[in-house]
Undergrad: 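Take this structure, written in structure tokens, and hold onto it; I'll ask about it next.
Numbering of ligands and ligand atoms starts at 1, following listing order. Quick note: numbers below take in every heavy atom, side chains included, and nothing from hydrogens, waters or symmetry partners.
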Amino acid sequence: MGNKSINANIQQAVVYLRAGKLVAFPTETVYGLGADAQNVIAINKVFTVKGRPSNHPLIVHISNIAELDQWAINIPNEAYILAQHFWPGPCTLILQKHHNVAPEVTGYQPTIALRIPRHPIALELLRQFGSGIVGPSANTYGHISPTTAEHVIHDFNHHIDYILDGGHCELGIESSIFCFSDNKPSMLRQGSITLTDVSRILGYPIFYKSLTNSSRVPGSLSSHYAPKCPLYLVNKLDFLPLIQSLINKVETYSVLSFSPPPFNFNNLHWIQAPSDPKQYAKLLYGVLRKLDLPQSHVILVEDVPKHTGWLAIADRLQRASHGNLNMNMLDKGQ
Ligand code: TXA
Ligand code: MG
């Protein structure tokens, strides 16, 4: 596939989807790997191309709240409140699956994930297609999610049929996910919509339900969104002394820091991170891809602040990392 398959022709993308082909499309969060949610052969292709285990559920994207009851049943009132407030937008709702939905879509689970994205190209694609489109992030399984069409090409090369180019994704990290048990929402994945946002809308506090290492929920695996080169998070106080200890080493290191590089060096590939969490989130996955150099020994990331606006970023960095680095580990050749 040459770059001619990167395009902005929505009508052509619809033709491909109707023919059971795979179409990557932009959303406001990350690019999705789209297929007709009613075509089991196309859905199986998504799992094969991504290398994703077949019991890991997909999100179905729709274009209108009125379509919800074609995909889900027993929809709680709270789900409608969130849908009306946050759709179109970076909010995914886990609901009881309608019996018409093929079990392959939901990884054989009784629940289904649904969202209306707000990227104009995604919305127009959904409207013209007229039905649900499955859309896992358009990266190979476990790798960093794509925020540009070029990232999608990098992961899939000629294995997908068409890529709709919508430029750089606005938010840069995947949607917040909410589930409902006893009709009360809880958050399963952190994203741009926070617990505070939802609690404010509902008028009572809701909580994050950590599903660490649940094999059914890929974004909840503790190792996910990962570069190939080992990534370590480094505490702010340890950061500068650690960097100073690296200047005489022979290896190359990739570094993501809030500060500019403190001195000249040859062996540090340094990127300065934005201090605003929205900008940081937007650029994060592209930056991780740039830091993931074959010649790099490790990627060192200065840990991010602990307050609300940074929680989704802290979550993704934690999952991308091999853990927290302490100074002795580099000497032991980690
Ligand atoms: O922002 C996003 O959500 C992007 C864009 C393309 O829409 N999509 C995305 O899809 O991140 P994916 O497949 O990479 O992540 C989907 C996540 C899974 O990791 C899982 O946590 C959750 O959706 N999920 C899907 N179905 C579920 C279900 N039935 N129960 C619990 N979690 C589910
Ligand atoms: Mg993903």
Undergrad: For atom 28 (C) of ligand 1, which of the options Asn139, Leu171, Leu114, Ile94 provides the nearest non-hydrogen atom?
TA: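 That would be Ile94.
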Undergrad: Measure across Asp165 and Ile121 and return the closest heavy-atom pair with its distance rounded to 0.1 Å.
TA: O-CD1, 3.6 Å
Undergrad: Under 3.5 Å, side chain of Thr140 to main-chain N/O of His143, donor-acceptor pair present?
TA: no
Undergrad: Do you know which of Arg115, Arg189, Arg316, Arg319 makes salt bridge (charged side-chain N to carboxylate O under 4.0 Å, His left out) with Glu174?
TA: Arg316
Undergrad: Counting heavy atoms only, which of Ser176, Cys169, Ser137, Pro110 is nearest atom 9 (C) of ligand 1?
TA: Ser137
Undergrad: What I want to know is whether Tyr31 and ligand 1 share at least one N or O pair that is separated by under 3.5 angstrom.
TA: no
Undergrad: Taking only heavy atoms of Ile177 into account, list the atoms of ligand 1 that are under 4.0 Å away from them.
TA: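 Near Ile177, meaning under 4.0 Å from one of its heavy atoms, ligand 1 has 17 (C), 21 (O), 22 (C), 23 (O).
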Undergrad: How does Thr106 reach ligand 1, if at all, at less than 4.0 Å between non-hydrogen atoms: by side chain, backbone, both, or neither?
TA: neither
Undergrad: Does Asp276, at its CG atom, have more than 12 non-hydrogen atoms belonging to other residues, nucleotides or ligands within less than 6.0 Å?
TA: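 Check passes, neighbour count above 12.
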Undergrad: So how far is it from Asp197 CG to Ser176 OG, rounded to the nearest 0.5 Å?
TA: 8.0 Å
Undergrad: Heavy-atom pairs closer than 4.0 Å: do any link ligand 1 to the side chain of Thr111, the backbone, both, or neither?
TA: both
Undergrad: Is the side chain of Ser254 donor-acceptor paired with the backbone N or O of Leu291 at a distance under 3.5 Å, no angle test?
TA: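 Yes.
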Undergrad: Check each atom of ligand 1 against the heavy atoms of Gly32 and keep those under 4.0 Å away; list them by number with element.
TA: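 So the answer, numbered in order with elements, is 6 (C).
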Undergrad: If you take the centroid of each ring, where Trp contributes its six-membered ring, are His56 and Phe47 closer together than 6.0 Å?
TA: no
Undergrad: With a cut-off of 6.0 Å (strictly less than), are more than 12 heavy atoms of other residues, nucleotides or ligands near NE2 of His269?
TA: yes
Undergrad: Within a strict 4.5 Å, meaning less than it, do heavy atoms of the Ile177 and Met187 side chains meet?
TA: no
Undergrad: Between Tyr225 and Tyr285, what is the ring plane arrangement, given parallel below 30°, perpendicular above 60°, and tilted in between?
TA: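 The rings of Tyr225 and Tyr285 lie parallel, inter-plane angle below 30°.
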Undergrad: Below 4.0 Å from ligand 1: does a non-hydrogen atom of Gly135 turn up there or not?
TA: yes
Undergrad: Hey, is Arg52 touching ligand 1 through its side chain, its backbone, both or neither, going by heavy atoms under 4.0 Å?
TA: side chain
Undergrad: Within a distance under 4.0 Å of any heavy atom of Ile59, pick out the atoms of ligand 1 and give their elements.
TA: 3 (O), 8 (N), 9 (C), 10 (O), 16 (C), 23 (O)
Undergrad: May I ask you to list the atoms of ligand 1 that are less than 4.0 angstrom from any heavy atom of His61?
TA: 5 (C), 6 (C), 7 (O)
Undergrad: Record the part of Lys97 in heavy-atom contact with ligand 1 below 4.0 Å; permitted values are side chain, backbone, both and neither.
TA: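 Lys97 to ligand 1: no contact under 4.0 Å from either part.
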Undergrad: So is there a nitrogen or oxygen of Arg189 less than 3.5 Å from a nitrogen or oxygen in ligand 1?
TA: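 Yes: some nitrogen or oxygen of Arg189 is under 3.5 Å from one in ligand 1.
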Undergrad: Can you tell me if His56 has a non-hydrogen atom under 4.0 Å from ligand 1?
TA: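 Under 4.0 Å: no for His56.
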Undergrad: Please find out if the Mg ion (ligand 2) and some N, O or S atom of Ser145 are separated by less than 2.8 Å.
TA: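 It does not; every qualifying atom lies at 2.8 Å or beyond.
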Undergrad: Within a distance under 4.0 Å of any heavy atom of Ser175, pick out the atoms of ligand 1 and give their elements.
TA: 1 (O), 2 (C), 3 (O)
Undergrad: Are Lys236 and Glu302 ion-paired here, with the side-chain N under 4.0 Å from a carboxylate O?
TA: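 Salt bridge flag = yes for Glu302 with Lys236.
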Undergrad: Any nitrogen or oxygen of Arg115, side chain or backbone, less than 3.5 Å from one on ligand 1?
TA: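 Yes; at least one N/O pair falls below 3.5 Å.
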Undergrad: With heavy-atom distances below 4.0 Å as the criterion, list the atoms of ligand 1 near Val30.
TA: 4 (C), 6 (C)
Undergrad: At a 4.0 Å threshold, what atoms of ligand 1 neighbour a non-hydrogen atom of Thr29?
TA: 1 (O), 2 (C), 4 (C), 5 (C)
Undergrad: Determine whether Val15 and Gln11 make a side-chain contact, defined as any pair of heavy atoms from C-beta on separated by less than 4.5 Å.
TA: no
